[in-house]
Amino acid sequence: MTASPVSSGAVRTALSVNVNKVALVRNTRHLGIPSVTRAAQLCLEAGAQGITIHPRPDERHIRGTDVYELAELMQAWPRAEFNIEGNPTQNLMDFIRQVRPHQATFVPDSEEQFTSDHGWTFPQDAERLRPLIAECKALGVRVSLFMDPVPEQMAAAQAVGADRVELYTEPYAASWGTPQHAEQLRIYAAAAQAALDVGLGINAGHDLNRDNLPAFVAQVPGVAEVSIGHALIADALELGYAETVRGYQRAIDAGMADRA
Ligand SMILES: CC(=O)[C@@H](O)[C@H](O)COP(=O)(O)O
Ligand SMILES: NCC(=O)COP(=O)(O)O
């Protein structure tokens, strides 16, 4: 599913479900359950507009086999998007070359990193990213750069060839329910506007959930995609995938209804 990154008010925020944590549970036994492809299928049937994975080099959750099995599954869902995240200086590019997903999200994680916790930094990262971005785009794969919400960094992200930025939203999520929430929204809105102003699309992710999602979608302009995994899969353990995805869709719809 694509969205225009320019007319922020017209952008429909797509939900891309990250199934990393289904794989994490699956990997604790040699039984193949819970199935990652079944989880993706059920989420897509319930209305998710995409599936996201982050095949880390240590295969702590998503394994190489998952990448190819999900790519095959996505063939049956031509209106949905496949988003593969990773560090392009590690193992990501081989998957991109072989699978050609709709989107590659470049994340500057080290191999042993506990989870993603920061974005790229310019100008330091520009020259090593530029050829890798160009290769993805030559393969017809959209490139999104995982970024901290720093307005001054957005022009450099565009200049290196990115199509979109994914705003790293843990600081926003951590502010939920605190006096800092309003200020965090202003920070992310300014970063998103700076990205829109240079023609970048806006994605967002990390620690988003049903509670903090509506305000983010309402107050941060032009969010084309949210990729959500940890909290959504946790909710699905209680509610099931279908009801959970519908709940997250309602949260997005509520945010869009409140857009200025
Ligand atoms: C980039 C990001 O914020 C997440 O998509 C990432 O996939 C989280 O990785 P873990 O699921 O390994 O914590
Ligand atoms: N890019 C963010 C993502 O895919 C999932 O992050 P989280 O919801 O697991 O924190």
Side-chain angles (χ1 to χ4, degrees), residues 13-28 34 36 39-40 43 48-64 66-67 70 80-92 95 101-120 125 142-149 157 162 164-176 188 192 201-213 216-217 220 223-237 241 244-245 247-249 251-252:
T13 302
L15 173 64
S16 186
V17 176
N18 182 313
V19 292
N20 288 355
K21 300 302 163 51
V22 181
L24 192 68
V25 175
R26 189 257 338 260
N27 292 354
T28 55
V36 172
C43 290
Q49 288 86 19
I51 297 297
T52 290
I53 55 173
H54 191 149
R56 294 182 180 274
D58 64 8
E59 294 196 321
R60 65 187 75 168
H61 38 56
I62 295 292
R63 295 167 171 163
D66 295 316
V67 178
L70 285 166
E81 288 205 349
F82 193 25
N83 175 39
I84 305 181
E85 301 180 326
N87 189 324
T89 67
Q90 296 167 2
N91 62 332
L92 177 66
F95 291 126
H102 298 84
Q103 179 173 263
T105 298
F106 287 8
V107 187
D109 288 6
S110 61
E111 292 203 18
E112 68 285 349
Q113 197 163 314
F114 177 66
T115 188
S116 307
D117 61 11
H118 66 281
W120 298 99
D125 295 326
R142 179 194 315 132
V143 175
S144 178
L145 296 182
F146 197 61
M147 298 291 289
D148 297 304
R164 296 189 184 178
V165 291
E166 177 179 345
L167 298 177
Y168 167 52
T169 50
E170 191 278 339
Y172 164 74
S175 78
W176 175 256
Y188 281 83
I202 310 295
N203 293 345
H206 206 96
D207 285 346
L208 293 174
N209 61 41
R210 276 180 299 172
D211 296 326
N212 63 35
L213 192 51
F216 191 89
V217 171
V220 178
V223 179
E225 175 191 285
V226 288
S227 45
I228 307 177
H230 195 90
L232 189 150
I233 300 303
D235 287 340
L237 291 176
Y241 294 118
T244 297
V245 166
Y248 277 74
Q249 209 69 62
I252 289 171

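Whatever order the structure lists them in is the order used to number ligands and atoms, beginning at 1. Just so it is clear, the structure is predicted and the values come from calculations on it, not from any experiment.
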Residues that P34 engages under side-chain contact (heavy atoms from CB on, under 4.5 Å), provided they are two or more places apart = V22, V25, R26
Give the contacting part of D207 toward ligand 2: side chain, backbone, both or neither, where contact means a heavy-atom distance below 4.0 Å.
-> both
Using a strict cut-off of 4.0 Å, indicate which atoms of ligand 1 neighbour a heavy atom of N18.
-> 5 (O), 7 (O)
Is the shortest N/O to N/O distance between T52 and ligand 2 below 3.5 Å?
-> no
At under 4.0 Å between heavy atoms, which part of Y168 makes contact with ligand 1: side chain, backbone, both or neither?
-> neither
Geometric N/O contact G205 with ligand 2, under 3.5 angstrom | no
Measure the distance from atom 8 (O) of ligand 2 to every protein heavy atom, then report the residue, atom name and distance (to 0.1 Å) of the closest one.
-> G229 N, 2.7 Å
What atoms of ligand 1 come within less than 4.0 Å of a heavy atom belonging to F146?
-> 1 (C), 3 (O)
Atoms in ligand 1 flagged as close to K21, the criterion being non-hydrogen separation under 4.0 Å = 11 (O), 13 (O)
Could you list which atoms of ligand 1 come closer than 4.0 Å to a heavy atom of H54?
-> 6 (C), 7 (O)
Identify the protein heavy atom lying closest to atom 4 (O) of ligand 2, giving its residue, its atom name and the separation to 0.1 Å.
-> N18 ND2, 2.8 Å
Does D235 have any side-chain hydrogen bond (donor to acceptor under 3.5 Å, both in side chains) partners at least two apart in sequence or in another chain, and if so, which?
-> R210, Y248
Looking only at protein heavy atoms, which one is nearest to atom 3 (C) of ligand 2, and how far off is it?
-> S227 O, 3.4 Å
Do ligand 2 and K21 have nitrogen or oxygen atoms that lie under 3.5 Å from each other?
-> no
Ligand 1-proximal atoms of E166, by part, heavy-atom distance under 4.0 Å = neither
For atom 8 (C) of ligand 1, which candidate among V107, T115, T105 provides the closest heavy atom?
-> T115
Check ligand 1 against H61 and write out every atom of the ligand that is under 4.0 Å from a heavy-atom position of the residue.
-> 10 (P), 11 (O), 12 (O)
Examine the proximity of ligand 1 to T52 and report which part, side chain or backbone, both or neither, has a heavy atom under 4.0 Å away.
-> neither
For N83 and T52, test the side chains for any donor-to-acceptor distance below 3.5 angstrom and give the result as yes or no.
-> yes
Proximity of E85 to ligand 2 by residue part, where a heavy atom lies under 4.0 Å | side chain
Specify the protein heavy atom at minimum distance from atom 6 (O) of ligand 2: its residue, its atom name, and the distance to 0.1 Å.
-> H206 CA, 3.7 Å
At a non-hydrogen distance cut-off of under 4.0 Å, which region of E166 contacts ligand 2 (side chain, backbone, both, or neither)?
-> side chain
Mind checking whether R60 has an N or O less than 3.5 Å away from an N or O of ligand 1?
-> no
So, does H230 sit close enough to ligand 1 that a heavy atom of it is under 4.0 Å from the ligand?
-> no
Electrostatic pair D58-R60, nearest N-O below 4.0 angstrom = yes
Establish, from distance only, whether the side-chain atoms of D109 and S116 form a donor-acceptor pair under 3.5 Å.
-> yes
Nearest protein heavy atom to atom 9 (O) of ligand 2, by residue and atom, and its distance?
-> H230 N, 2.8 Å
Atoms of ligand 1, numbered as shown, that sit under 4.0 Å from any heavy atom of E85 | 1 (C), 4 (C), 5 (O), 6 (C), 7 (O)
